[in-house]
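This report refers to the structure that appears directly beneath it.
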Amino acid sequence: MVWFRKKKVKVPEGLWIKCESCGEILYKKEVDRNMGVCLRCNHHFRIGPRERLAFVVDEGSFEELDHHLEPTDPLGFKDVKRYKDRLKALKKKGASKEAFISGRGRIRDVEVMIGLFDFSFMGGSMGSVVGEKIARLFERAIEEKRGVIIFSASGGARMQEGIFSLMQMAKTAAAIGEFKRHPYPYISVLTDPTTGGVTASFAMLGDIIIAEPKALIGFAGPRVIEQTIKQQLPEGFQRAEYLLEHGMIDMIVNRKDMKDVLYRLLSIFRR
Amino acid sequence: MNYLDFERPIVEVEEKLKELKTYYPHREREIRRLEKRLSKLKTEIFSNLSAWQIAQVARHPHRPYTLDYISRILDDFIELHGDRTFRDDPSIVGGLGKLDGESVMVIGHQKGRSTKEKVFRNFGMPHPEGYRKALRLMKLAERFAMPVITLIDTPGAYPGIGAEERGQAEAIARNLEAMSLLRIPMVSVVIGEGGSGGALAIGMGDRVLMLEYAIYSVISPEGCAAILWKDGTKAELAAEALKMTAKDLLHFGIIDGIVKEPPGGAHRDHDEAARLLKEALKESLDALRGVSGEELIQKRYQKYRSMGRFIDTHGSDTLRDS
Ligand SMILES: [Zn+2]
């Protein structure tokens with residue numbers, strides 16, 4: 001479920017930006033050069049999938065697949081706005097076509113399949129297109145004998161697609177079940193934030209699970225939990241460090257080291 | 001006696017009839033007339049329920065729960081407990097039994113009826129341990145080539161500190177992956193509330209059925225209203241918009257069939273509701289009998305792989321239907 005309040009998704013425009021973690025005023029160009037990470041406190045700003053690709057795969061190696069898949073409105077869903085109109089408005093804005101991009105890429109001498117969420121598109125929510133792209137990614141990886149890397153950033157299932165969005169959990173998990181009958185690795189990277197039906201399906205099914213520092217990761221959103229238990233949540237709850245401590249992930253990796261760690265893992269798996 | 005607003009006319013006639021039968025059993029003609037009226041009333045009211053009203057029936061305090069069905073459907077049942085890791089979660093029950101002589105594993109969410117039992121069952125909202133127990137039982141069934149029956153009835157997986165701490169998301173995710181690879185037939189039935197991932201986590205059957213007045217949704221109408229309408233009181237609108245009834249899901253091809261309920265809903269007649277469910281279960285199990293493990297896996301993969309609707313602007317098949 002997408003429960004997040006509107007929050008700045010990208011490093012905001014303008015010459016200077018304020019770090020949401022330490023409050024430092026930073027020169028934006030310098031932050032960009034630092035991969036969207038605060039120079040003072042190591043806060044990892046949310047970044048878009050295209051930006052991230054540049055930090056992960058070799059320049060010019062990414063070949064996008066399934067970009068021709070577009071969302072439709074199976075329920076004829078309308079809340080205060082029609083889902084159709086929301087989609088149209090997003091299209092007009094020239095933003096991404098969906099909340100997930102995927103394709104082939106290369107990290108030095110290793111060919112991989114890679115998928116990345118776009119949190120700026122409806123909170124990175126998983127509807128039919130996202131689920132289909134993920135299933136195809138794993139199926140192609142089997143055909144082409146490659147490992148898979150997915151960078152998640154999502155509020156969960158896309159409510160506007162109702163039961164179809166719920167079933168994407170089953171669909172992606174089944175695709176991974178099939179994939180794991182083959183000897184290729186699946187590395188799941190959890191970035192801020194990863195929650196709901198995305199966490200409760202493919203994101204937690206990695207052979208290796210990595211998180212970015214301080215990323216919020218959980219099943220239920222913190223506000224839902226607070227409302228349910230009528231208690232304040234402890235400091236650091238549902239953050240990457242908390243998950244590492246509780247045995248839910250393999251490691252926390254800084255953005256600047258991500259490509260290197262991914263490469264080393266893939267090389268070892270390749271044998 | 002608890003009843004819903006729209007049930008009032010039914011309940012009034014029911015009470016009158018009960019009184020008549022108790023104190024004036026000889027007034028047969030009157031009794032028969034009233035019985036006819038009652039039956040007509042039930043049909044009338046229950047064939048025109050809104051999605052929101054159906055949600056109320058699905059959550060009716062007198063609705064039969066998993067153990068109510070188990071005691072009526074199975075010849076023998078031995079409950080098994082615990083996930084072997086942390087504790088036994090009473091929100092999910094499961095165990096071995098015989099269904100007309102056939103050995104089966106039955107697993108289901110369990111709600112409580114009294115206040116004390118409701119708390120004990122955590123209102124049917126499992127922790128990770130519940131899902132891990134369910135998985136343990138599925139694997140046990142697989143080893144003995146027994147079919148698995150799962151009964152779904154939960155508002156959702158519990159959103160709490162302990163649940164997160166112990167990996168609620170991981171437990172659900174792991175079950176989904178494991179169910180996709182089970183080498184035994186599995187029949188899943190939504191008997192009441194199918195609350196999102198917490199329901200699906202035991203619900204990836206080869207055949208998925210819903211009771212006539214059950215609901216199944218990605219989010220509760222209240223939750224959806226709170227987020228999209230920013231107003232929890234708009235749940236009625238959300239229930240309609242989410243298309244969460246058995247009829248909707250059959251129409252979408254997400255479920256394989258609808259199990260009829262007794263006139264006026266399962267809560268009016270637990271025995272009859274159980275009889276109808278048993279019939280449907282047997283039919284589904286029969287249809288899956290003799291299918292090899294590998295074939296089950298392949299078919300199940302295709303079933304869930306094809307769920308989703310989108311536009312493929314390349315292909316000739318522009319709209320992939322579920
Ligand atoms: Zn900072």
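Chain A is the first sequence line, chain B the second, and so forth, proteins listed ahead of strands; every chain is numbered from 1.
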For this session: May I ask you to say whether Arg136(A) pairs ionically with Asp312(B), meaning some side-chain N is under 4.0 Å from a carboxylate O?
Result: yes
Problem set entry | Closest approach of Ile161(B) to Tyr242(A) (non-hydrogen atoms, all atoms of both residues) | O-OH, 4.2 Å
Problem set entry | Ser128(A) side chain vs Arg309(B) backbone, donor-acceptor pair below 3.5 Å | yes
For this session: For residues Ala157(B) and Phe219(A), report the shortest heavy-atom separation together with the two atoms involved.
Result: CB-CE2, 3.6 Å
Exercise. Do you know which two heavy atoms are closest between Gly160(B) and Ile229(A), and how far apart they sit?
Worked result: CA-CG2, 4.3 Å
For this session: Name the orientation class of the two ring planes belonging to His67(A) and His314(B) (parallel below 30°, tilted from 30 to 60°, perpendicular beyond 60°).
Result: perpendicular
Problem set entry | When Glu161(A), Arg181(A), Glu178(A) are compared by non-hydrogen pairs under 4.5 Å with chain B, the top option | Arg181(A)
Exercise. Are the side chain of Glu164(B) and the backbone of Ala220(A) linked by a donor-acceptor contact shorter than 3.5 Å?
Worked result: yes
Problem set entry | Pairs of heavy atoms under 4.5 Å with chain B: top-ranked of Leu75(A), Val80(A), Leu243(A), Ile209(A) | Leu75(A)
Problem set entry | Student check: side-chain heavy atoms of Val218(B) and Ile163(A) closer than 4.5 Å | no
Exercise. Nearest heavy-atom pair of Gly197(B) and Leu166(A): which atoms, and what distance?
Worked result: N-CD1, 3.5 Å
Problem set entry | Any donor-acceptor pair under 3.5 Å from Lys171(A) side chain to Gly308(B) backbone | no
Problem set entry | Gap separating the CG atom of Leu205(A) from the CD1 atom of Ile172(B), nearest 0.5 angstrom | 11.5 Å
For this session: Taking all heavy atoms of Gly177(A) and all of Glu177(B), pick out the closest pair and write down the distance.
Result: CA-CG, 3.7 Å
Problem set entry | Closest-packed option against chain A by number of heavy-atom pairs under 4.5 Å, given Ala238(B), Ala173(B), Gly223(B) | Ala173(B)
Problem set entry | Neighbour count >12 (heavy atoms, 6.0 Å) for atom CD, Glu294(B) | yes
For this session: Give, for atom OG1 of Thr313(B) and atom CD of Glu70(A), the distance between the pair rounded to the nearest 0.5 Å.
Result: 5.0 Å
For this session: Select, from Lys180(A), Glu226(A), Lys78(A), the one with the greatest count of heavy-atom pairs under 4.5 Å involving chain B.
Result: Lys180(A)
Exercise. Considering only heavy atoms, which portion of Leu228(B) lies under 4.5 Å from any heavy atom of chain A: side chain, backbone, both, or neither?
Worked result: both
Problem set entry | chain A interface, residue from Ala199(B), Ala163(B), Ser180(B), Ala178(B) that has the most non-hydrogen pairs under 4.5 Å | Ser180(B)
Seminar exercise, completed: Honestly, the part of Pro71(A) sitting under 4.5 Å from a heavy atom of chain B is backbone
Exercise. Would you call Glu139(A)-Arg305(B) a salt bridge at under 4.0 Å N-O?
Worked result: yes
